[in-house]
Amino acid sequence: SAVISQKPSRDICQRGTSLTIQCQVDSQVTMMFWYRQQPGQSLTLIATANQGSEATYESGFVIDKFPISRPNLTFSTLTVSNMSPEDSSIYLCSVMGVSVNTEAFFGQGTRLTVV
Amino acid sequence: DAKTTQPTSMDCAEGRAANLPCNHSTISGNEYVYWYRQIHSQGPQYIIHGLKNNETNEMASLIITEDRKSSTLILPHATLRDTAVYYCIVRVVRVQGAQKLVFGQGTRLTINP
């Protein structure tokens with residue numbers, strides 16, 4: 001199993017500013033992911049955070065808006081840049097092992113409100 | 001990517017079995033079906049997963065059709081605490097080995113006293 005800590009748990013930010021969300025895992029993991037959950041919606045994958053290389057972004061998400069770092073196997077950050085009210089969402093970190101027969105684990109999320 | 005289709009909402013009486021269906025007709029042969037639930041916008045909680053055989057654990061049972069195009073999650077004795085959004089998910093495996101979970105829209109299950 002893996003325990004994931006996300007910081008901050010929630011924040012209220014001014015439009016035009018940026019927020020960096022941290023994800024810390026209690027063990028080394030192969031795959032780390034960042035999701036967005038807009039109000040009342042399902043989870044949408046933003047990107048896969050790759051250790052030592054650029055993140056792999058899903059369609060509709062770009063590095064300039066959501067820069068991601070992953071300096072080691074237990075830590076990653078997601079930055080939401082130049083925020084607008086449309087960025088108000090819950091952002092979740094997730095980790096998964098290589099074996100397709102093992103579960104993924106999720107953090108408790110960061111609830112972001114942009115005003 | 002394989003997509004899943006679920007009913008938007010369902011109701012079930014407390015103490016009865018809750019049966020949640022999911023269609024995943026475009027699933028590939030090596031892709032697992034996973035079920036998670038989310039309560040009050042907390043992080044999703046793992047329930048169960050399977051490839052082609054039926055699976056059971058302490059929380060639920062998973063029935064996968066022989067053609068793998070659909071599955072049913074069964075909560076055998078639903079309690080009020082099972083009220084949540086339930087997600088049927090396909091674990092997509094790409095050519096270079098990259099993987100991801102593809103979430104459907106989820107079923108909002110309400111357990112009634």
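All values below were derived from every heavy atom in this structure, side-chain atoms included, with hydrogens, water molecules and symmetry-related copies excluded.
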(request) Count the heavy atoms of every other residue, nucleotide or ligand shown that sit under 6.0 Å from CD1 of A:I12, and state whether that count exceeds 12. (result)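 Open.
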
(message) How about CZ on B:R68, more than 12 heavy atoms from neighbouring residues, nucleotides or ligands closer than 6.0 Å, or not?
(response) yes

(message) Please classify the contact between A:Q41 and chain B as side chain, backbone, both or neither, with a heavy-atom cut-off of under 4.5 Å.
(response) both

Count I, L, V, M, F, W, Y as connected when their side-chain heavy atoms are under 4.5 Å apart, and connections chain through other members. Are [X] and [Y] then in the same cluster?
X: A:M83; Y: A:Y57; value: yes
X: A:L43; Y: B:Y32; value: yes
X: B:L51; Y: B:I89; value: yes
X: B:V93; Y: A:M96; value: yes
X: A:V29; Y: A:L73; value: no

(message) Heavy-atom pairs under 4.5 Å with chain B - which of A:N101, A:L92, A:I90, A:L45 has more of them than the others?
(response)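 Between A:N101, A:L92, A:I90, A:L45, the count favours A:N101.
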
Contact summary for [X] and [Y], nearest pair of heavy atoms:
X: B:Q99; Y: A:V98; result: NE2-O, 2.6 Å
X: B:Y34; Y: A:T102; result: OH-O, 2.7 Å
X: B:G104; Y: A:S42; result: O-OG, 2.6 Å

(message) Between B:Q45 and chain A, with a heavy-atom cut-off of 4.5 Å, which part of the residue counts as in contact: side chain, backbone, both or neither?
(response) neither

(request) Mind running side chain to side chain contact (heavy atoms under 4.5 Å, CB included) on B:K100 and A:E58 for me, showing each step along the way? (result) CA-CA 10 Å; B:K100 65 178 182 180; A:E58 296 297 308; 2.5 Å; yes

(request) Nearest 0.5 Å please: distance from the CD1 atom of B:I48 over to the CD atom of A:E103. (result)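 Rounded to the nearest 0.5 Å, the CD1-CD separation comes out at 11.5 Å.
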
(request) Drop me the distance from A:S99's OG to B:R91's CZ, to the nearest 0.5 angstrom. (result)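 That separation rounds to 6.5 Å.
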
(request) Would you check if the distance from the ring center of B:Y46 to the ring center of A:F106 is below 6.0 Å? (result)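 No.
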
(request) Report the C-alpha separation of A:Y35 and B:L101 in whole Å, then their side-chain angles, then the decisive distance to 0.1 Å, and conclude whether the side chain to side chain contact (heavy atoms under 4.5 Å, CB included) test is met. (result) CA-CA 10 Å; A:Y35 288 84; B:L101 298 182; 3.6 Å; yes

